[in-house]
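Just so it is clear: chains get the letters A, B, ... in the order the sequence lines come, proteins before strands, and each one is counted from 1. No hydrogens, no waters, no symmetry mates; every other heavy atom, side chains included, goes into these values. All values derive from a computational prediction rather than experimental measurement.
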Amino acid sequence: MYLRQRVKVLLEQAVSELKIEEHWPADLTVIPDVEHPASPEHGDYSTNLAMKLAKPLRQSPRAIAEKLKAKLESQGKDLWDGVEVAGPGFVNLHLNPAVLAAEVGRVRQGGEAYGQDTWGQGRKLLLEFVSANPTGPLNIVSARAASVGDALARILRSQGVAVDTEYYINDAGNQALLLGESLAARWKQSQGREASLPEEGYQGEYITDLAQEIARENTEAINRMLAGPGPDADLLAFFKNKGVEKIVGWHKLALADFGVTFTRWFHEIDLVMPPQGSGIQPVETVVAQLKDLGFLYEKDQATWFRSTDFKDDKDRVLIKNDGTKTYLTTDIAYHVYKFARGYTELIDIWGPDHHGYIARMQAAMLALKHPGDAFHVLIAQQVNLLENGAPVAMSKRAGVFITMADLIKDVGRDVARFFFLMRSTDAHLDFDLDLARKHTDENPVFYVQYAHARICSILAKAREEQWTVPAPGNGPALFEPMVPEELAVVRSLTAFPEIVEAAARNLEPHTVAFYLRDLATEFHRFYTLCRVLDPEARERSQARLALIDAIRIVLRNGLDLLGISAPEKM
RNA sequence: GCGCCCAUAGCUCAAUUGGAUAGAGCGUCUGACUUCGGAUCAGAAGGCUGGGGGUUCAACUCCCUCUGGGCGCACCA
């Protein structure tokens, strides 16, 4: 049990005892907030419990705080250096430095598992992200979504949540058709035949290149089609299928280069025509369900879903008057299929242009009786690439843009990931390419990695010089009193599990990135002021070796949660 | 016009989800090791948290309103 959890338990015990002794109402339920005060004078932990109880108990917060203080003092005697009531009714808890020192051993004993927890066990979650149309290379927003999704998966898993990740390939709709038409047109043009790109077709140069590539690899098949009964239709379908396959291949490659893998790549087409034995309910089933539930109606020869029953702005068409289904229809079926596979929670990460889409999908999930909190959408906001202080102009339509693969090649995997994870997901992000390219102290990712490498270097030197590094768990405790820099860094170490837990609960991976930067700062400060290997003070040196080893572990574990490497040398 | 997101130091962003004196990085200025990695550290300057009103012990955080930005508002995806 991590430190704060122990404090919470003590607090809960105190309340339940006071309930009896003070005749507090038995049905009194409070969840104690135990937090780190902003100011160190206010202790290691502090709770606002007394203020929260003031109203239901009709007593002054300070009086309640005094009672809590007395209880805590007697119960956790060996934990505290002091307990005090402060301000309007805070109870501030100062930890005994020996307790803090012991945490170093706990970190080292935990090793890779330090920071992991089990409260998420029993949750079965499907995280869907990127899911870009297979009509062109992945863009920068996809890179951001990939960073966030992958980090979230790692963070949630570390808390015991069973997470699968999935990529949805939109290969059954208009966009895929347009891709096929664009490819076919470009190929025909290359053959000197009359053809023009469709109105909304894809114009990028990669289309022309891809068309050539497909033609080159499939000359026989194409010749057969040309000689067949319906060459145009055959060619369209052929180029569509081959094009999607190729582009999905690009996506897989770019993501693999980025260190992002998915449990499953799911094809939209499988909902339209479920493969034999797949157990997938075709999209019509969902339409029928919604109809049975009374949420559908006919208007203007189309079938509408009354999503306004669930707070959507307007009702949505599911089946168009030409008989085909909208994107939403298949997407609803997809999400139903996610639930059908036993996932109790769905999280989707969407691009900024889809936020208007959230309400209708939530409406559908509610209509189909899935609890409102079982489906959650995160928006990965827009990314502006900056170069020489000015935005990099990009136009997807014209095919002029920097792809995810370009970016990774340019700045590297670790830098790209860290930059994306330095911002909260739903905030716009300015990505400074010049800064990202710099391998200097200005680049924040190196600051954190450098701390790790520096520690590894000291540990290597210690081995070289035959220092004994105390074994995890039973090494000498840090001597007392610890200097302020040591105390500060140990406090940061004890906060790590709390940070990861909060990041998982709130789906905010960026807090881990901020934490790591702060921890690196604490270490660098400690390093500057405190010599680790000092022949004049062997015992203290051993304690400090244990300390930096604990820091190393937390830095590595934290970087790992973000999918970023922890180099031993730089 | 309607809906959602955003507005915090010169710039880019945090703020433990309603907690105590709003914090970092970059930039600017001033400093620091003869020794474990200077990709480092210390200090200074910098703020009416866009404006106004409200809710309460407590508001950057919640509610209302105004201003200024972004994005949506398809029988596209």
Asks: Provide the Watson-Crick or G-U wobble partner of A44(B), both distances under 3.5 Å; none if there is no partner.
Replies: U28(B)
Asks: Closer than 4.0 angstrom, basic N to acidic O: yes or no for Arg552(A) and Asp549(A)?
Replies: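 Looking at Arg552(A) and Asp549(A), the cut-off is met.
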Asks: Identify which nucleotide among C36(B), C71(B), G37(B) has an atom closest to any side-chain atom of Lys461(A), counting heavy atoms from C-beta outward.
Replies: C36(B)
Asks: Are His42(A) and Phe90(A) an aromatic pair by the rule of ring centers under 6.0 Å?
Replies: no
Asks: Is Tyr357(A) stacked on the base of G72(B), meaning ring centres closer than 5.5 Å and planes within 30 degrees of each other?
Replies: no
Asks: Stacking check: are the rings of His42(A) and A20(B) less than 5.5 Å apart at their centres and under 30 degrees in tilt?
Replies: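 Yes, the aromatic ring of His42(A) stacks with the base.
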Asks: In whole Å, what separates the P atom of U12(B) from that of U67(B)?
Replies: 24 Å
Asks: With a 3.5 Å limit on both atom pairs, tell me what A58(B) is paired to, counting Watson-Crick and G-U wobble, or say none.
Replies: none
Asks: Select one nucleotide: of C13(B), G37(B), A42(B), the one nearest the side-chain heavy atoms of Tyr527(A).
Replies: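 Closest of the options to the side chain of Tyr527(A): G37(B).
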Asks: Taking the same atom, P, in A15(B) and in G46(B), what whole-Å distance lies between them?
Replies: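 My reading of the P atoms in A15(B) and G46(B) gives 25 Å.
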Asks: For U55(B), does the O4'-C1'-N9-C4 or O4'-C1'-N1-C2 angle fall within 90° of 0, making it syn, or is it anti?
Replies: anti
Asks: Heavy atoms from C-beta onward define the side chain here; which of C41(B), A20(B), U21(B) lies closest to that of Glu41(A)?
Replies: U21(B)
